[in-house]
Amino acid sequence: EKGILRTEKKVLLEFSPTELNNLAKAAPQRLNLSVPQLNSSENLQLTLMPSHILDKGFKVLDSHNNEVAMESMGIHYWGVVNNDPSSLVSVTLINGELNAIISSQKGNIGLSKVANSSLYAVYKDSTTLNKNFNCSALAAPTVKSSAPPIAQLVNTSCKYIPIYFE
């Protein structure tokens with residue numbers, strides 16, 4: 001297959017940056033993707049719908065208090081692997097870079113851009129996790145803050161931010 005390199009633990013493939021940018025501009029209301037599987041010549045067929053994870057009133061301001069364009073926050077899709085109703089797929093396209101998570105009873109598959117490369121990797125998350133990983137934090141001593149209580153803050157631009165996740 002042109003543009004696809006298969007190894008034991010991952011599949012490397014190329015996406016045309018022009019095609020990814022065209023996809024982001026078109027933002028179709030339905031997206032069908034074919035993703036190569038690991039250890040198989042068959043592809044996963046994905047059916048995706050737009051996911052509007054940001055509320056219509058959502059705004060992001062930069063350090064100069066200028067509003068960041070919504071286009072720079074990317075487009076987001078959710079869906080399923082065809083013929084697998086228990087699966088869940090999340091696809092995001094931000095700044096010309098595609099990322100996906102495909103979750104099913106067989107496990108989780110990621111699709112991410114390889115650092116400093118034009119290639120993308122399709123991989124099982126179980127092959128990338130550090131088996132000796134220990135998630136913990138050191139107990140920090142309690143320090144009395146010199147900051148004023150929140151009730152005394154008068155000029156704040158913090159607002160309610162609704163974000164939806166499925």
Side-chain angles (χ1 to χ4, degrees), residues 3 10-36 44 46-81 87-104 108-130 133-166:
K10 64 183 175 262
V11 176
L12 296 175
L13 53 124
E14 283 186 273
F15 285 108
S16 158
T18 302
E19 290 299 318
L20 289 176
N21 287 326
N22 290 342
L23 176 62
K25 287 177 188 171
Q29 292 302 302
R30 180 181 168 128
L31 183 60
N32 295 309
L33 286 181
S34 182
V35 177
L44 291 173
L46 311 178
T47 300
L48 305 162
M49 304 298 284
S51 177
H52 304 287
I53 64 169
L54 304 175
D55 186 62
K56 291 179 183 176
F58 181 81
K59 293 180 188 178
V60 173
L61 302 177
D62 65 15
S63 60
H64 302 290
N65 216 27
N66 296 319
E67 189 172 334
V68 175
M70 289 299 284
E71 293 82 33
S72 65
M73 293 185 208
I75 57 173
H76 311 274
Y77 287 87
W78 72 274
V80 295
V81 176
S87 64
L88 182 61
V89 179
S90 173
V91 174
T92 299
L93 182 57
I94 299 176
N95 297 326
E97 191 171 304
L98 182 73
N99 287 286
I101 298 172
I102 304 164
S103 209
S104 73
N108 298 323
I109 296 173
L111 187 154
S112 299
K113 190 171 188 301
V114 176
N116 304 316
S117 170
S118 62
L119 297 175
Y120 284 77
V122 177
Y123 56 91
K124 286 188 176 185
D125 71 348
S126 61
T127 63
T128 62
L129 297 177
N130 180 344
F133 180 74
N134 182 13
C135 184
S136 62
L138 296 174
T142 304
V143 177
K144 186 172 179 173
S145 173
S146 61
I150 292 176
Q152 292 179 4
L153 297 175
V154 291
N155 188 10
T156 180
S157 62
C158 295
K159 296 180 182 175
Y160 158 71
I161 303 174
I163 298 179
Y164 303 102
F165 291 95
E166 291 189 29

Hey, does [Y] have a side-chain heavy atom less than 4.5 Å from the side chain of [X]?
{"X": "V35", "Y": "I109", "result": "no"}
{"X": "E14", "Y": "L119", "result": "yes"}
{"X": "N95", "Y": "E97", "result": "no"}
{"X": "F15", "Y": "L23", "result": "no"}

Testing the basics here: between [X] and [Y], what is the closest heavy-atom pair and its distance to 0.1 Å?
{"X": "A100", "Y": "V91", "result": "CB-CG2, 3.8 Å"}
{"X": "Q29", "Y": "M49", "result": "O-CE, 3.6 Å"}
{"X": "G96", "Y": "Y120", "result": "O-OH, 3.7 Å"}
{"X": "N99", "Y": "S112", "result": "OD1-OG, 3.4 Å"}
{"X": "V122", "Y": "L111", "result": "CG2-CD1, 3.9 Å"}

**Study point:** Greater than 12 external heavy atoms within 6.0 Å of L31's CG
**Key:** yes

**Study point:** Side-chain donor or acceptor of Y77 paired with backbone N/O of P28 under 3.5 Å
**Key:** yes

Review point. Taking only residues two or more places apart in sequence, or in another chain, which ones meet S90 in a side chain to side chain donor-acceptor pair (under 3.5 Å)?
Key: none

Review point. Which residues pass the side-chain contact (heavy atoms from CB on, under 4.5 Å) test with E19, sequence neighbours left out?
Key: S16, N22

